[in-house]
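Since the structure comes first, as structure tokens, the remarks are kept for the end.
All ligand and atom numbering here is 1-based and tracks the order in the structure.
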Amino acid sequence: MSLVQEKQIAITVVSRAANLAQSVFKKLVNAETVTKKDKSPVTVADYSCQSLISLLLSKAYPNDPIVGEEDAKDLRQPTDESKQLKNRVVDLVNAELSKPQAAGEADDLELGVTRSETELLDAIDRGTFEGSAKGRMWCLDPIDGTKGFLRGGQYAVCLALLIEGKVELGVIACPNLPVDPSKPDGPRGVVFGAIKGQGAFQRPISETNGPLSKISMNSITKESIAQASFCESVESGHSSQGDSANIAKELNITKEPVRMDSQAKYCSISRGDGDIYLRLPVSASYEEKIWDHAPGRLLVAEAGGKVTDIHNKDLDFSLGRTLKNNKGVIVAHESIHGDVIKAVQKVLNVA
Ligand SMILES: Nc1ncnc2c1ncn2[C@@H]1O[C@H](COP(=O)(O)O)[C@@H](OP(=O)(O)O)[C@H]1O
Ligand SMILES: [Mg+2]
């Protein structure tokens with residue numbers, strides 16, 4: 001199967017999951033959110049989107065492993081809370097699966113058919129692959145930016161295909177991002193995608209049969225770097241906002257940072273809504289997760305940007321479920337990435 005066909009499949013499954021997420025968005029009740037051992041929240045939408053995407057992917061690629069953020073352990077507990085959550089997941093996924101195939105959606109996914117509870121829970125657990133430098137694997141973040149999802153901000157459904165440890169295809173759906181950035185109150189919901197060597201594109205999620213438009217980062221030079229705008233996490237625990245302010249000062253950037261949850265940051269700068277994305281380590285021990293960066297990294301690269309860590313090393317997706325050989329993430333247009341790295345290394349006192 002060609003990467004172009006795989007792209008159509010990835011866009012279809014991610015867009016379906018984005019529809020599902022949108023239907024849950026803001027309607028969550030407490031019983032639909034649980035707190036994981038590491039204290040991060042996980043919602044009925046995280047489980048449902050992982051189930052839906054893993055299930056559809058396994059129709060198209062029964063042998064491909066999936067590295068997904070969630071597992072179904074909590075849904076399999078014999079408590080009332082777990083049962084309630086599980087029933088809601090099954091209902092939501094089946095409601096989306098039962099919608100017939102629309103024009104433009106990929107064939108062979110058996111859309112229009114509901115599934116048993118066992119199939120849907122097993123699909124979630126297909127995401128427990130440990131990662132590999134060999135062969136094919138999919139990398140899935142069913143709801144990236146769960147805190148953004150809960151607070152009514154940005155969130156993203158993120159899927160990437162990796163071959164021999166390299167990202168070959170990436171698709172990200174942002175249900176809450178304006179279709180036209182100049183009309184923040186206009187329609188929302190955009191799907192972004194990229195194939196290695198073939199560019200980056202976007203399309204409204206709802207237009208399953210609509211054209212994909214090519215996107216690119218703003219061209220920016222050393223001379224205009226002071227006019228750049230940068231984005232970072234809303235969560236100060238995910239990226240040091242004090243360090244980013246000092247880096248901005250070092251680059252003579254005066255615009256306030258744009259704070260946004262999820263890989264919507266990669267999407268925004270890929271289409272020129274901003275110029276730089278800084279993710280600066282808060283704790284020395286945290287290892288970035290591959291599903292938080294795989295599709296975003298390809299999207300930016302295909303839109304004219306460069307993505308490295310704070311040591312100017314490429315992100316290495318071949319080492320398991322985390323980027324264990326990288327620290328932080330620095331994203332900027334190729335023409336200014338070197339200058340941004342210099343400022344980052346000066347402020348953080350690293351080389
Ligand atoms: N201490 C930390 N440093 C950096 N990232 C962290 C972190 N703790 C959690 N994260 C990750 O940050 C992601 C959200 O990124 P952002 O801050 O850009 O919105 C979370 O994804 P999920 O929301 O999918 O769990 C989670 O994987
Ligand atoms: Mg995430």
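Applying the 4.0 Å criterion to heavy atoms of Gly237 picks out, from ligand 1, the atoms 1 (N), 2 (C), 3 (N). Atoms of ligand 1 found under 4.0 Å from any heavy atom of Asp261, numbered from 1 in the order shown, are 19 (O). Close contacts of ligand 1 with Ile143, meaning ligand atoms under 4.0 Å from a residue heavy atom, involve 24 (O).
The single protein non-hydrogen atom nearest to atom 18 (O) of ligand 1 is Lys265 NZ, 2.5 Å, given as residue, atom name and distance. Atom 10 (N) of ligand 1 has its closest protein heavy atom at Tyr286 OH, 3.1 Å. Nearest protein heavy-atom neighbour of atom 20 (C) of ligand 1: Asp292 OD2, 3.9 Å. Nearest protein neighbour of atom 25 (O) of ligand 1, counting heavy atoms only, is Glu69 OE2, 3.1 Å.
At a 4.0 Å heavy-atom cut-off, ligand 1 touches Asp141 through the side chain alone. At a heavy-atom cutoff of 4.0 Å, ligand 1 is contacted by no atom of Gln263, backbone or side chain. At a 4.0 Å heavy-atom cut-off, ligand 1 touches Arg279 through the side chain alone.
Of the candidates Gly145, Cys158, Ser240, Ser262, it is Ser262 that places a heavy atom closest to atom 19 (O) of ligand 1.
Across all non-hydrogen atoms, the minimal contact from Ala72 to Leu121 is CB-O, 3.8 Å.
Asp144 contributes atom OD1 as its closest N/O/S atom to the Mg ion (ligand 2). For the Mg ion (ligand 2), the nearest N, O or S atom contributed by Asp141 is named OD2. Of all N/O/S atoms in Asp292, OD1 sits nearest the Mg ion (ligand 2).
Glu164 and Arg136 are not joined by a salt bridge, as no carboxylate oxygen comes within less than 4.0 angstrom of a charged side-chain nitrogen.
Between the Gln77 side chain and the Lys73 main chain, a donor and an acceptor come within less than 3.5 Å of each other. Side-chain N or O atoms of Asp339 include none that pairs as donor or acceptor with a backbone N or O of Ile225 at under 3.5 Å. With hydrogens and angles ignored, the 3.5 Å screen pairs a side-chain donor or acceptor of Asp275 with a backbone N or O of Ser229.
Ring to ring, Trp138 and Phe129 are not that close: their centroids are 6.0 angstrom or more apart. Two rings, from Tyr277 and Tyr266, have their centers less than 6.0 Å apart.
For the Mg ion (ligand 2), the set of nearby N, O or S atoms under 2.8 Å includes none belonging to Glu69.
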Working for side-chain contact (heavy atoms from CB on, under 4.5 Å), residues Glu168 and Leu3: CA-CA 8 Å; Glu168 298 288 332; Leu3 276 170; 4.2 Å; yes
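Counting non-hydrogen atoms of neighbouring residues, nucleotides and ligands closer than 6.0 angstrom, the NZ atom of Lys249 reaches no more than 12 such neighbours.
No option in Lys147, His238, Arg151 other than Arg151 meets the side chain to side chain donor-acceptor pair (under 3.5 Å) test with Asp261.
Residue Lys147 places no N or O, backbone or side chain, under 3.5 Å from any N or O of ligand 1.
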